[in-house]
Number of protein chains: 2
Amino acid sequence: MLKAERHKYIMTKLIEDQKVVTTDLALALDLSEDTIRRDLNELDSKKLLEKVYGGAVQVKEKSANVFDIAISEEEEKKKIVSKALSLLHDDQVIIMSGGSTNLVFAKLIPSDLKATIYTYSLPIAMQLSQHPNIDLIFIGGKMQKNAMVTIGMDVIQVVSKIKADICFIGASSINIKQGLTEVGYEISIVKKAMIEASDRVVSMFSADKLNTKMPHGVCELTQLDTIVTDLDPYDAKLEEYRKSGVFIL
Amino acid sequence: MLKAERHKYIMTKLIEDQKVVTTDLALALDLSEDTIRRDLNELDSKKLLEKVYGGAVQVKEKSANVFDIAISEEEEKKKIVSKALSLLHDDQVIIMSGGSTNLVFAKLIPSDLKATIYTYSLPIAMQLSQHPNIDLIFIGGKMQKNAMVTIGMDVIQVVSKIKADICFIGASSINIKQGLTEVGYEISIVKKAMIEASDRVVSMFSADKLNTKMPHGVCELTQLDTIVTDLDPYDAKLEEYRKSGVFIL
DNA sequence: ATAAATTTTGCATTATTTTGCGTTTTTTGA
DNA sequence: TCAAAAAACGCAAAATAATGCAAAATTTAT
């Protein structure tokens, strides 16, 4: 009996019974348990089954839940965004861009806050739909799949008609000379529109974004009202930003 | 019996009865209580259950995670929607309403399907954003939070401008006389617009929705092209629906 | 076709895991 | 507070797995 045949037999048996037992297989195929174990190990390393003590079971298909979004350094980001909670007040009209920092922010928004929030980020909208007192408006359009945000003219058109009190803009990169810059052209346009539509512009990001640059400009430093980072506001790294007149939380 | 099997049995039993009792398990599985306790401890440390004096109970699901959406009778719904997969073709323009049945459908859409899909459901958009070949357009508007869908005039306006090949409409209720009916007025309006915008109208639902009624009418039975249920198309319960001319999958 | 090289297999040995039992400790409910 | 039930602990026996090795089988090269 060929090894390939055995493997096929094992896999068939596994589907039939949801499991296979080493000793049973050795008996049925008239082979030593060692050989069976080697087969099982091989199939296991190919992820075709999961070897367990005494035999093997079916691989539990990782439910690959689309919905649990991994946030890197969530604790770090919590520290950043919690500083910005003081900027929130009842009856504000708020625009939020996408990004994991903003998502963490959305999680921490107190549940008694009464406000109107516009966003074009799917995860943020999901999060905010838990808040009973927030009027949530999702800005529709073509989805950019990896970032889970809508982009394009539809988004711009809606954003440009909003009169918001404050907007929270995630940042890909920021530096003294170019200000905020973005990887994607389309996102940069949307963020420009957000800034136009808002009385106050807040950007939250971790310090490693400082003094970096991306191809597409969003706005000058002077157009930002407030930036929030994990650093102390009086940290030396923020010296030049402070000089530019932007408020640092 | 393999340990993996036992663990599976315990978890199943736990979901069935909301709890498991050590002595009962030892009896049912014909093992010492020590072994059961060890299993329970193991599953507890994996956070799959919570061990208590005398047995174990379900882990108090951290509802903290907004993103895992519970779908009741998911397996049942899979059976329904998989029948409808044959209605999908490349290059179609599709509109999908919300609802858990449609969400299950979205999960099963083959990843090589090239199509344009419009939806106003957050979870469905999240799901479809995993599909590399689908052009996804989210229809924005005010969020109805519990259903995680957008509603209102903004939605209607966008939908009414779509020229779709096919739309998939979840159903709250259906009966011979009134056709499709909905709990919410706003949703009923949106669905009307969907039907107007589509060449072909498909509704998927489980048989317990048959011959029930909600306050707000969506459409007559004759406006539906296809309905998909868990029943056999020639089941007696569907007799009258068949007579009305609607195609039954 | 034959010899060499490689792979596969089974066995002995050693290591690891699992399991049930007796005992002690903790928890529960009266 | 006390007694019964359950859990934890240590331990030893049994089952299973890993490892090294040599024989057998298969493949490859000449």
Side-chain angles (χ1 to χ4, degrees), chain A residues 1-65 68 70 74-75, chain B residues 1-65 68 70 72-75:
Chain A
M1 168 166 264
L2 269 47
K3 190 161 77 161
E5 284 182 84
R6 283 201 319 264
H7 286 189
K8 203 171 172 183
Y9 176 89
I10 293 171
M11 290 311 297
T12 308
K13 191 84 181 157
L14 183 64
I15 290 165
E16 260 176 37
D17 304 347
Q18 328 275 33
K19 62 151 185 175
V20 287
V21 177
T22 310
T23 50
D24 293 354
L25 285 173
L27 208 63
L29 299 174
D30 192 31
L31 285 162
S32 74
E33 294 187 13
D34 297 72
T35 304
I36 300 298
R37 272 190 210 101
R38 274 186 278 250
D39 285 344
L40 258 32
N41 278 325
E42 210 171 315
L43 292 167
D44 181 290
S45 66
K46 280 186 198 161
K47 315 266 183 194
L48 296 173
L49 50 72
E50 190 189 347
K51 199 169 176 307
V52 297
Y53 194 87
V57 295
Q58 290 176 303
V59 284
K60 48 177 180 291
E61 47 184 319
K62 47 165 187 174
S63 58
N65 195 354
D68 50 24
E74 184 162 3
E75 288 309 311
Chain B
M1 168 167 262
L2 303 174
K3 190 165 75 161
E5 280 184 90
R6 281 199 323 261
H7 287 189
K8 201 172 167 186
Y9 176 90
I10 292 171
M11 290 311 296
T12 309
K13 191 86 181 156
L14 184 63
I15 290 167
E16 265 176 30
D17 304 347
Q18 331 280 14
K19 61 155 187 177
V20 287
V21 177
T22 309
T23 50
D24 293 354
L25 285 174
L27 207 64
L29 299 174
D30 191 32
L31 285 161
S32 75
E33 294 186 16
D34 296 73
T35 303
I36 301 298
R37 269 193 276 277
R38 274 185 278 250
D39 285 343
L40 259 31
N41 278 326
E42 211 171 314
L43 292 168
D44 182 291
S45 66
K46 280 185 197 160
K47 315 266 182 191
L48 295 174
L49 51 71
E50 192 187 344
K51 199 169 175 307
V52 296
Y53 193 86
V57 295
Q58 288 177 301
V59 285
K60 49 179 188 291
E61 47 191 318
K62 41 167 186 177
S63 58
N65 195 355
D68 48 23
S72 62
E73 290 148 39
E74 183 162 3
E75 288 307 313

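Within every chain, numbering begins at 1; the chains are lettered A, B, ... in the order of the sequence lines, protein sequences first and strands thereafter.
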**Student:** Between C1' on D/dA8 and CG on B/D39, what's the gap in Å once rounded to a whole number?
**Tutor:**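 Rounded to the whole Å, the gap is 16 Å.
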**Student:** Side-chain N or O of B/T22 versus OP1/OP2 of D/dA6: is the shortest distance under 4.0 Å?
**Tutor:**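 False: B/T22 side-chain N/O out of range (4.0 Å or more) of D/dA6 OP1/OP2.
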**Student:** Within the 4.0 Å heavy-atom criterion, would you say A/V21 contacts the bases, only the backbone, or no part of the nucleic acid?
**Tutor:**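 Nothing, no nucleic acid heavy atom in range.
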**Student:** CD1 of B/I10 to CG of B/D39: how many Å apart, nearest 0.5 Å?
**Tutor:**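 Here the rounded value is 4.5 Å.
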**Student:** Rounding to a whole Å, what distance do you find between A/D24:CG and D/dT16:P?
**Tutor:**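 Taking atom P of D/dT16 as the reference, CG of A/D24 is at 10 Å.
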**Student:** It should be established whether A/N41 places a side-chain nitrogen or oxygen under 4.0 Å from OP1 or OP2 of nucleotide D/dA17.
**Tutor:**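 Indeed not, no polar side-chain atom of A/N41 lies that close.
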**Student:** Quick one: pull up OG1 in A/T35 and CG in A/L29 and give me the separation to the nearest 0.5 Å.
**Tutor:**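 So the OG1 of A/T35 and the CG of A/L29 are separated by 10.0 Å.
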**Student:** What is the distance from atom NE2 of A/H7 to atom CG of A/L49, rounded to the nearest 0.5 Å?
**Tutor:**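 The NE2 atom of A/H7 sits 9.0 Å away from the CG atom of A/L49.
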**Student:** To the closest 0.5 Å, what do you measure between CE (B/M11) and CD (B/Q58)?
**Tutor:**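 Rounded to the nearest 0.5 Å, the CE-CD separation comes out at 7.5 Å.
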**Student:** Whole angstroms only, please: what is the NZ-P distance between A/K3 and C/dG10?
**Tutor:**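 Computing the A/K3:NZ to C/dG10:P distance gives 13 Å.
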**Student:** Just N and O in the side chain of B/K51: are any of them under 4.0 Å from OP1 or OP2 of D/dA8?
**Tutor:**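 The answer is yes; a side-chain N or O of B/K51 sits under 4.0 Å from OP1 or OP2.
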**Student:** Rounding to a whole Å, what distance do you find between A/K19:NZ and D/dT16:P?
**Tutor:**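 After rounding, the reported distance stands at 12 Å.
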**Student:** Under 4.0 Å between a side-chain N/O of B/R6 and OP1 or OP2 of C/dT19, yes or no?
**Tutor:**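 Yes, within the criterion.
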**Student:** A/T35 side chain: which of D/dA7, C/dG10, C/dT19 is closest?
**Tutor:**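 Looking only at heavy atoms from C-beta outward on A/T35, the closest nucleotide is C/dG10.
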**Student:** C/dT8 C1' sits how many Å from A/E5 CD, rounded?
**Tutor:**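 Roughly 15 Å, once rounded to whole Å.
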**Student:** Output the rounded distance in Å from CG (B/L27) to P (D/dA5).
**Tutor:**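 From B/L27 CG to D/dA5 P: 16 Å.
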**Student:** Closest to the B/L31 side chain: C/dT19, D/dA6, D/dA18?
**Tutor:**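 Nearest to the side-chain atoms of B/L31, counting from C-beta on, is C/dT19.
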**Student:** Are A/S32 and C/dC11 close enough that a side-chain N or O sits under 4.0 Å from OP1 or OP2?
**Tutor:**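 Answer is no, no contact under 4.0 Å.
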**Student:** Pick one: which of A/V57, A/N41, A/T22 meets side-chain contact (heavy atoms from CB on, under 4.5 Å) with A/K51?
**Tutor:**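 Of the listed options, the one satisfying the test is A/N41.
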**Student:** Does the side chain of A/R38 get closer than 4.0 angstrom to OP1 or OP2 of D/dT19 through an N or O atom?
**Tutor:**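 No, A/R38 has no side-chain N/O under 4.0 Å of OP1/OP2 on D/dT19.
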**Student:** Quick check: any donor-acceptor pair below 3.5 Å linking the side-chain of B/Y53 to the base of D/dA5?
**Tutor:**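 Side chain to base: pair found, below 3.5 Å.
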**Student:** Whole angstrom is fine here: how far is it from CZ in B/R37 over to C1' in C/dT26?
**Tutor:**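 Atom CZ in B/R37 sits about 12 Å away from atom C1' in C/dT26.
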**Student:** Closest to the B/D34 side chain: C/dA12, C/dT19, C/dG20?
**Tutor:**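 The answer is C/dG20.
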**Student:** When the distance from NE2 of A/H7 to C1' of C/dT9 is rounded to whole Å, what number comes out?
**Tutor:**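 The answer, rounded to whole Å, is 13 Å.
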